[in-house]
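Residues: numbered from 1 along the sequence shown. Just so it is clear, the structure is predicted and the values come from calculations on it, not from any experiment. In what follows, every heavy atom counts, from backbone to side chain, and hydrogens, waters and symmetry copies are set aside.
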Amino acid sequence: MPSHCRRWLTSLMPCLLFLVLCGAVITLAPSAIAQGDLPAPPAASVYLPTIFGMPPPKILIAAAYIDSSLSYEPDEAILLWNTGLGAQPLAGWSLRAGTKQATFPLTTTLTLAPGARIWCTANTDSFRHSFGLEAGCGWITVDEEALHLTGALTLVNTGGAISLLDADQTAVDVLLYGETTLQPTGWQGAPAALYTRGLATSAGQVWQRKLDPCSGLPLDSDTAQDWAGDLGDRLWGRRIRQPGWGGWDRADGLWPRTGVASGAWSVAVGPEGLYTPMSTLLSGAVHSLDLSLYTFEHPSLALLVADAARRGVQVRLLLDGAPPGGISQQQKWCVTRIAEAGGEVRYLAVIDDAPRGTKRRFRFTHAKYGIVDGRSVFVGTENLTFDAMPEPSSLPVGGRRGFYLFTDAAEVVATLRNLFVADWQPAIFYDMHRYEATDAKYGAPSVDFVLPAPTIYNVAEAPFGALIQAVGNAEYAVISAPENAARPDVGIQALLAAAGPGDEIALMQMYEDKYYGETSSNPIADPNPRLEAAIDAARRGARVRLLLDGYFDDPNELRSNQATVDYVRAIAAGEGLDLDARIGNPSAGGIHAKLVLVRIGDRHWAAVGSLNGGETSHKLNREVVLMVEQQEIYMRLYSVFEHDWRISQ
């Protein structure tokens, strides 16, 4: 929650509640609103009515899982949320879909407290394995701990209405969705729709209401605009949710974790400066090593992790199970060494005996972070490969341009530890495939595999090999996708929106898409919010520069980096903005970075992580970014940007 929202609500709510309950008149003094030499307006009075008793509860259908990906859809579910200030007993209440109804028994004492939520589902065990949550009620197969409703629902995938009825069978709330001609009482206008552009599909999506940016409570105007798939709302609509994601409240990532933390903050630059700090940290592990990585193809670093496991360090390694091109033989070699030494390796991949139709929680687990001994962390842009982290040499070394941040700030460590624990739940989720040496896809390499020699990238200089460190307090934010990376009010987009005259923005990205949605779309129909926020900052007077990769880019693609550069330059020329973009390959192996630098006045923010400039990264992947307001860190990264900008075009 933004600090201004938090302070406002905290200070105002007790006073308003007291005044509303007791009845009061508030007078606004003229001096408080008069400005300059303008005459003061007359005093204004606000009359608050006298209300006897607490305000009533307000129960909403806040989410619904209708078109499950599982065969026979046993994990269909509906979320009820009390957004009012009073408790609501649910005895005699019902859920209705079409002609079917499921009713809370009259004998139940189940009561929904203010702010509380409860999931009702067809099968509580199936729901648990899909969502990682406990359902409080169900209508077909129900655990002893949950309430068994009378009757059963069938949720129509293509469209219909779901109603919540009170004990008098009066409609309290309704969701009208999909393709339907129904016009139920309690709903206005067209049905709600899911967001299905780009790679998003309707099957396996959760219908969810938008959540208020300040309170975190569901919005309610009885229209489709309350729901997160709203195409007309480019700030808070066009959102996606799948089972197994967090982001329902502050505790599980609705807002990025932010604050001021004390600790050591370090930045390393790749390719020349990443291997030494990474190898030092991994080899120094004593108790535990938790790694969430996209790929792991660095034999030397794999041997260090294996050595740690042999020393008794608890090693847990989470990797993506379906990277483009598949899992390489070299990664299988690395993973086998770690597993044979006692490390536990899991792939984000559906296990063999999962229910038919099971999907992975994320399109890719693309994050690149680690937690060492529960006391220090690293967050970066690079996969663990020779290309990104060549071993030290007497000659300048080239490779992927990228970055890592390291810190022992306790708040950052705790946030990443909690995120790892949420993702690493093999007893719950069916998409945590264990490494098995005999598994053809997720096991050992072929018996005749021989490690290839590392690729050599020839460069004339590699000037950023030194680790830069600062110690002290720093403001920070830990951003995660898909929960909160797309928020416009906090994080990267909020920084871009705050930049104005005299400020500066620099983005170094593997790619920054010209637009979202379908490949055949355009920036008007499907704008890339981050790119447009940077352009808008230039319109307000900020200096904005974008440096994009030219090594991996195919300039002939409609959504290439070259297309983005041409788009940005055309806007800059047409509007006379201090805005420019270039294509580069400064370290010979491509720009693999995902770096955002924002200087606003005398504040210096750096954001480093796995978040690329595309829609899938923000909405469907597991991604992690660490933002820090620390001048030494910023200046080091800015010096790299300036160096690379000068030799790009």
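No side-chain donor-acceptor contact under 3.5 Å links Gln205 to the backbone of Ala200. Glu557 places no side-chain N or O within 3.5 Å of a backbone atom of Thr519 that could act as its donor or acceptor partner. Distance alone, capped at 3.5 Å, places no donor-acceptor pair between the Asp290 side chain and the Ile371 backbone. Judged by distance alone, with hydrogens and angles left aside, the side-chain atoms of Ser560 form a donor-acceptor pair with the main-chain N or O of Ala563 at under 3.5 Å. Of the possible donor and acceptor atoms, one in the side chain of Trp255 sits under 3.5 Å from a partner among the backbone N and O of Pro213. Side chain of Asp549 to main chain of Tyr551: a donor-acceptor pair is present (N/O by atom type, distance under 3.5 Å, no hydrogens or angles). The backbone N or O of Gly357 lies less than 3.5 Å from no partner atom in the side chain of Lys359, so there is not a single donor-acceptor pair. Looking only at distances, no side-chain donor or acceptor of Thr124 sits under 3.5 Å from a matching main-chain atom of Ala135. With hydrogens and angles ignored, the 3.5 Å screen pairs a side-chain donor or acceptor of Asn82 with a backbone N or O of Lys58. At least one donor-acceptor pair closer than 3.5 Å links the side chain of Gln509 to the backbone N or O of Leu595.
Residues Arg209 and Asp220 are paired through a salt bridge, judged by an N-O separation under 4.0 Å between the basic side chain and the carboxylate. With respect to Lys441 and Asp439, no salt bridge is recorded, no charged nitrogen being found less than 4.0 Å from a carboxylate O. Between Asp526 and Arg238, at least one side-chain N (NZ, or NE/NH1/NH2) sits under 4.0 Å from a carboxylate O, which counts as a salt bridge. Salt bridge annotation for Glu518-Arg197: absent, with no cationic side-chain nitrogen under 4.0 angstrom from a carboxylate oxygen. Remark: Glu483 engages Arg622 in a salt bridge, criterion side-chain N to carboxylate O under 4.0 Å.
With a 6.0 Å cutoff to the six-membered ring centre and a 45° limit on the axis angle, Arg361 counts as a cation-pi contact of Phe429. Figure legend: Lys619 and Tyr516 shown without cation-pi pairing, the cationic atom not lying both under 6.0 angstrom from the six-membered ring centre and within 45 degrees of its axis.
Residue Trp119 comes nearest to Leu133 through the heavy atom pair NE1-CD1, 3.7 Å, listed as atom of the first residue, atom of the second, then distance. Closest heavy-atom contact between Pro324 and Tyr294: CD-OH, 2.7 Å. The minimum heavy-atom distance between Ala161 and Leu176, with the atom names listed, is CB-CD1, 4.0 Å. The shortest non-hydrogen separation linking Ala367 to Ser610 is CA-OG, 3.5 Å. Considering every non-hydrogen atom in both Gly443 and Tyr435, the closest pair reads C-CE1, 3.4 Å. Of all heavy-atom pairs between Tyr511 and Ser617, the closest is OH-OG, 3.6 Å.
Going from atom CD1 of Ile118 over to atom CD1 of Ile78 covers 12.0 Å, rounded to the nearest 0.5 Å. Within the model, atoms OG of Ser480 and CZ of Arg257 stand 12.5 Å from one another, a figure rounded to the nearest 0.5 Å. A distance of 7.0 Å separates CD1 in Ile61 from CG in Leu80, rounded to the nearest 0.5 Å. Taken from CD in Glu179 to OG1 in Thr158, the straight-line distance is 6.5 Å, to the nearest 0.5 Å. Rounding to the nearest 0.5 angstrom, the gap separating the CG atom in Asp75 from the CZ atom in Arg128 is 12.5 Å. For the atom pair Tyr430 OH and Ser126 OG, the distance stands at 6.5 Å (nearest 0.5 Å).
The shortest distance between side-chain heavy atoms of Arg239 and Arg241 does not fall below 4.5 Å. Between Arg487 and Gln493, the closest side-chain pair of non-hydrogen atoms is not below 4.5 Å. With a 4.5 Å cut-off on side-chain heavy atoms, Ile162 and Trp207 do not count as touching. Under the 4.5 Å side-chain criterion, counting only non-hydrogen atoms from C-beta, Pro57 is not in contact with Leu112. Put simply, the side chain of Val156 reaches to within 4.5 Å of the side chain of Tyr177, judged on heavy atoms. In this structure, His129 and Thr358 have side chains that are not in contact, with every pair of non-hydrogen atoms separated by 4.5 Å or more. The closest side-chain heavy-atom distance from Trp81 to Leu217 is below 4.5 Å. Looking only at side-chain heavy atoms (C-beta outward), Leu317 and Leu293 come within less than 4.5 Å of each other.
No hydrogens or angles considered: nothing links the side chains of Thr385 and Glu297 as a donor-acceptor pair under 3.5 Å. Side-chain N/O atoms of Asn621 and Thr616 include no donor and acceptor closer than 3.5 Å. There is no side-chain donor-acceptor pair under 3.5 Å between Gln562 and Asp553. Judged purely by distance below 3.5 Å, without hydrogens or angles, the side chains of Tyr347 and Thr365 never pair a donor atom with an acceptor atom. Side-chain contact, Thr223 with Gln225: a donor N or O sits under 3.5 Å from an acceptor N or O.
Annotation: Tyr72, atom OH; neighbour count of heavy atoms from other residues, nucleotides and ligands within 6.0 Å does not exceed 12.
Checked against the 6.0 Å centroid threshold, Tyr515 and Tyr567 do not count as a close aromatic pair.
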Side chain to side chain contact (heavy atoms under 4.5 Å, CB included) between Lys332 and Val335, worked out: CA-CA 5 Å; Lys332 290 181 178 182; Val335 167; 5.8 Å; no

Passes side chain to side chain contact (heavy atoms under 4.5 Å, CB included), Ser292 versus Trp424? Steps please. CA-CA 9 Å; Ser292 181; Trp424 183 279; over 6 Å; no

Let's go through Arg360 and Asp320 carefully: what are the C-alpha distance in whole Å and the side-chain angles of both, what is the deciding distance for salt bridge (Lys or Arg N to Asp or Glu O under 4.0 Å) to 0.1 Å, and is it a yes or a no? CA-CA 10 Å; Arg360 309 194 312 167; Asp320 192 79; 3.3 Å; yes

Quick one, Glu73 with Ile66, criterion side chain to side chain contact (heavy atoms under 4.5 Å, CB included). Give me CA distance, side-chain angles, the key distance, then yes/no. CA-CA 8 Å; Glu73 302 182 329; Ile66 296 170; over 6 Å; no

For Glu512 and Val568: C-alpha separation, side-chain torsions, deciding distance, then whether side chain to side chain contact (heavy atoms under 4.5 Å, CB included) applies. CA-CA 11 Å; Glu512 190 71 31; Val568 168; over 6 Å; no

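The residue from Arg400, Lys368, His366 that alone fulfils the side-chain hydrogen bond (donor to acceptor under 3.5 Å, both in side chains) condition with Asn383 is Lys368.
In this pair, Phe420 and Tyr369 present their aromatic rings perpendicular. The plane angle is above 60°, beyond the 30 to 60° band.
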